[in-house]
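Taking it in order: structure first as structure tokens, then the write-up.
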Amino acid sequence: MNAAGVTFDEYGRPFIVVRDQSQKQRLQGIEAQKSHILAARTVAQTLRTSLGPRGLDKIIVSPDGEITVTNDGATILSQMDVQHEIAKLMVQLSKSQDDEIGDGTTGVVVLAGALLQQAEHLLDRGLHPIRIADGYEMAAKVATARLDEIAESFPVDVEKPDSLIETAMTTLGSKIVNRCHMQFAKIAVEAVLQVADMEKKDVNFELIKMDGKVGGRLEDTMLIKGVLLDKDMSHPQMDKTIKDAKIAILTCPFEPPKPKTSHKLDIKSGEDYQKLREYETAKFVEMVKQVKDSGATLALCQWGFDDEANHLLYQEGLPAVRWVGGPEIELIAIATGGRIVPRFQELTPDKLGFAGTVRELHFGTTKDKMLVIEECKNSKAVTIFVRGGNKMIVEEAKRSLHDAICVVRNLVRDNRIVYGGGAAEIACALAVESESRKVETLEQYAMRAFADALETIPMALAENSGMSPIDELTKVRAEQLKTGMSCLGIDCNENGTSNMKDQHVIETLIGKKQQINLATQLVRMVLKIDDIHIPGGPAM
């Protein structure tokens, strides 16, 4: 049905009638802006209690009843059923932070919510949205410049990774795995340093595979310098441990060749059937011989093979694994230095991969088995094997490790850091407030509001730690002003000192700058929207 129709008046002049106007809703001006601010603040308020080491977790139940327990901002927002357009932008904001930096997804949303809340007060006082947006832009430049000033260079040494481990521990402090965060931090740092290219200052995430298995404790999580396969040997009597394995990586199936087009095979007598069987057996024997002749001691096949081929492989003393997935095949090829072979005829000794040990792991009383390929030719491929009491804990541990790995990767790329616990935000707020006094135009109000919004982060940290937020913020702020030390923050863990340098609470400079820039960009965009058309239904 068309939304508009043409009709004619008594003089034959055409005019357009637009249908369903009574069902449409329209918000304009200050009313539209307040509607947007309310939606964004609601999302930010949801995440505010998850900020910091004492932040609380959220349970999210999917439509099919699957439960997720997490305090990772990006995960919470991606699984929330968000309807409002501006709230969806907040979801995309946390996703941008997660994609680019990997950490700080909760903080960026809380900061954007605080900036919009301050903007609402300024709108009520009669400031134009564009002036507020310009003031925020000026304040963001001052804040990022201050971050550059207070940033310190951080030693990234492969031989002495202690400082990197401390940074990873800061990231893991707010996660569900914090009771064994030292072990997880070591795993994350070791995994990154194993695959990092220190000359190019880059880390290829595709070489770090994360796998999990329910059962065992979090403490049983381990780093495997090789590849872990959720498979077992195709025959129960094949060797379970192979030393100095020469691996044939096959993407061709162990079965007789078939025509590509649809075909029909008529068997009219017992002799025909016997001939077919002999042909198939001869083909299987030929394939197994080709693999054996190449010098392979283990065959990994992307496809399955039937019992006859399996029996022949066992008889020939050639261990094999079937149904190995595409990503695993690629990772094994990189790790072992082998070539992926699409045809048996192309298999030669120089295309085989090498691994020092291939062994089968067994778990508890269950019959679960996994294969570990270790001591590979190219050690730049690692697998983190996560254990946990249930699926929720395993999944949350994987997300926590991902955040820690991202932080270590960021330090390899850019080794400048600022101090956490709200210390960097307070230092930026003081710098912005000081700069606002030099601005003679209306933007000074927006800059002061920006400084107040930055202080929301340390206030939320204090509140989530069970302290009096205003008292703690006032005390630390006064101390920073008095001493000029930009490393003073909120003592969330009650260690008796607000010096984050002594507590080793460290955040990456690029992560913090990205937080401020992304939040400011989103707020500028929201403030510039003053008209919204909704085709039917409520405005919120």
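Everything numeric in this text was worked out from a predicted model, so none of it was measured.
Once rounded to the nearest 0.5 Å, the distance linking CD1 of I417 with CG of L509 reads 9.0 Å. Here the straight-line distance linking atom SG of C428 with atom CG of L454 works out to 6.0 Å at 0.5 Å rounding. In this structure, L352 CG and S294 OG are separated by 4.5 Å, a value rounded to the nearest 0.5 Å. Here SG of C180 is found 4.5 Å from CD of E219. Values are rounded to the nearest 0.5 Å. Residue M169 holds its CE atom at 8.5 Å from CG of L172, rounded to the nearest 0.5 Å. Atoms CG and CD1, on L298 and I249 in that order, are 9.5 Å from each other to the nearest 0.5 Å.
Considering N204, D202, I208 as possible partners of V195, the one that fulfils the side chain to side chain contact (heavy atoms under 4.5 Å, CB included) test is I208.
In this structure, A188 and A404 approach most closely via the heavy-atom pair CB-CB, 3.9 Å. Considering every non-hydrogen atom in both A185 and A168, the closest pair reads CB-CB, 3.7 Å. Looking at every heavy atom in both residues, V526 comes nearest to L89 through CG2-CD1, 4.5 Å. For the residue pair L164 and V408, the shortest heavy atom distance occurs at CD2-CG1, 4.3 Å. Considering every non-hydrogen atom in both T106 and G73, the closest pair reads OG1-N, 3.2 Å. Across all their heavy atoms, P319 and M233 have their closest contact at CB-SD, 4.1 Å.
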**Prompt:** Between T221 and F184, does a side chain to side chain contact (heavy atoms under 4.5 Å, CB included) hold up when you go through it step by step?
**Reply:** CA-CA 8 Å; T221 299; F184 272 67; 3.6 Å; yes

**Request:** For the pair L229 and D211, evaluate side chain to side chain contact (heavy atoms under 4.5 Å, CB included) and give the outcome as yes or no after the intermediate values.
**Result:** CA-CA 9 Å; L229 276 180; D211 220 327; over 6 Å; no

**Request:** Take R277 and E280 through the salt bridge (Lys or Arg N to Asp or Glu O under 4.0 Å) test and state the conclusion after the steps.
**Result:** CA-CA 5 Å; R277 189 174 167 281; E280 285 188 349; over 6 Å; no

**Message:** As a quick check of understanding, evaluate side chain to side chain contact (heavy atoms under 4.5 Å, CB included) for D232 and V321, giving each step before the final call.
**Reply:** CA-CA 7 Å; D232 58 351; V321 183; over 6 Å; no

**Request:** Starting from the C-alpha separation in whole Å, work towards a yes-or-no answer on side chain to side chain contact (heavy atoms under 4.5 Å, CB included) for L250 and Q302.
**Result:** CA-CA 6 Å; L250 308 167; Q302 191 175 7; over 6 Å; no

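Under 4.0 Å is where a charged nitrogen must lie from a carboxylate oxygen, and between E286 and K283 at least one such pair does. Ion pairing of R416 with D148 is present here, as a side-chain N (NZ or NE/NH1/NH2) and a carboxylate O approach within less than 4.0 Å. Comment: D99 engages K95 in a salt bridge, judged by a side-chain N to carboxylate O separation of less than 4.0 angstrom. Ion pairing between a basic and an acidic side chain is recognised when a charged N comes within 4.0 Å of a carboxylate O; K246 and D244 show no such pairing. Using a 4.0 Å cut-off between charged nitrogen and carboxylate oxygen, D350 and R339 do not count as a salt-bridge pair. In this structure, D293 pairs ionically with K289, as a charged nitrogen and a carboxylate oxygen lie closer than 4.0 Å. With respect to E149 and R146, a salt bridge is recorded, a charged nitrogen being found less than 4.0 Å from a carboxylate O. A salt bridge is defined here as a Lys NZ or Arg NE, NH1 or NH2 lying under 4.0 Å from an Asp or Glu carboxylate O, and E85 with K88 fails to meet this definition.
Side-chain contact check for P161 versus L193: some heavy-atom pair is nearer than 4.5 Å. You'll find the side chain of Q503 stays beyond 4.5 Å of the side chain of E166, heavy atoms only. Between L51 and L461, some side-chain heavy-atom pair lies under the 4.5 Å cut-off. Contact check for F385 versus M210: no side-chain heavy atoms found under the 4.5 Å cut-off. Residues V109 and T46 have side chains not in contact (no heavy-atom distance under 4.5 Å, counting atoms from C-beta outward). Contact annotation: the side chain of V291 approaches that of F344 to within less than 4.5 Å [non-hydrogen atoms, C-beta and beyond]. L223 is listed as a side-chain neighbour of V382, based on a closest heavy-atom distance under 4.5 Å. Within the 4.5 Å cutoff, the side chain of C301 has no heavy atoms near those of the V324 side chain.
With hydrogens and angles ignored, the 3.5 Å screen pairs no side-chain donor or acceptor of Q521 with any backbone N or O of I516. A donor-acceptor contact shorter than 3.5 Å is absent between the side chain of K512 and the backbone of L147. With R217 contributing its side chain and G388 its backbone, the two residues share no donor-acceptor pair below 3.5 Å. Judged by distance alone, with hydrogens and angles left aside, the side-chain atoms of K240 form a donor-acceptor pair with the main-chain N or O of P236 at under 3.5 Å. Side chain of K231 to backbone of W323: a donor-acceptor contact under 3.5 angstrom is found. In this structure, the side chain of N410 engages the main chain of I101 through a donor-acceptor pair within 3.5 Å. In this structure a side-chain-to-backbone donor-acceptor pair under 3.5 Å is present from W303 to T251. D57 places no side-chain N or O within 3.5 Å of a backbone atom of V69 that could act as its donor or acceptor partner. Judged by distance alone, with hydrogens and angles left aside, the side-chain atoms of R54 form no donor-acceptor pair with the main-chain N or O of N464 at under 3.5 Å. Between the side chain of D239 and the backbone N or O of I242 there is no donor-acceptor pair closer than 3.5 Å.
Residues Q83 and D81 bring a donor and an acceptor atom of their side chains to less than 3.5 Å of each other. In the model, T357 has a side-chain atom that pairs as donor or acceptor with a side-chain atom of E375 under 3.5 Å. Side chain to side chain, E396 and T70 meet the donor-acceptor criterion of an N or O pair below 3.5 Å. The closest side-chain donor-acceptor pair between D98 and T105, if any, does not fall under 3.5 angstrom. Between the side chains of S50 and K58, at least one donor N or O sits under 3.5 Å from an acceptor N or O. When only modelled atom types and interatomic distance are considered, T68 and Q79 share a side-chain donor-acceptor pair under 3.5 Å. With no hydrogens or angles considered, no side-chain donor-acceptor pair links K225 and T383 at under 3.5 Å.
In this structure, H235 and Y314 have parallel ring planes: the angle between them is below the 30° cut-off, well short of the 60° mark.
The environment of NZ in K186 is sparse: at most 12 heavy-atom neighbours from other residues, nucleotides or ligands sit within 6.0 Å. Atom CZ of F205 has more than 12 neighbouring heavy atoms from other residues, nucleotides or ligands inside a 6.0 Å radius. Summarising the local packing, CD of E206 is surrounded by 12 or fewer heavy atoms from other residues, nucleotides or ligands at distances under 6.0 Å. The 12-atom threshold is not exceeded at NZ of K501, counting heavy atoms of other residues, nucleotides or ligands nearer than 6.0 Å.
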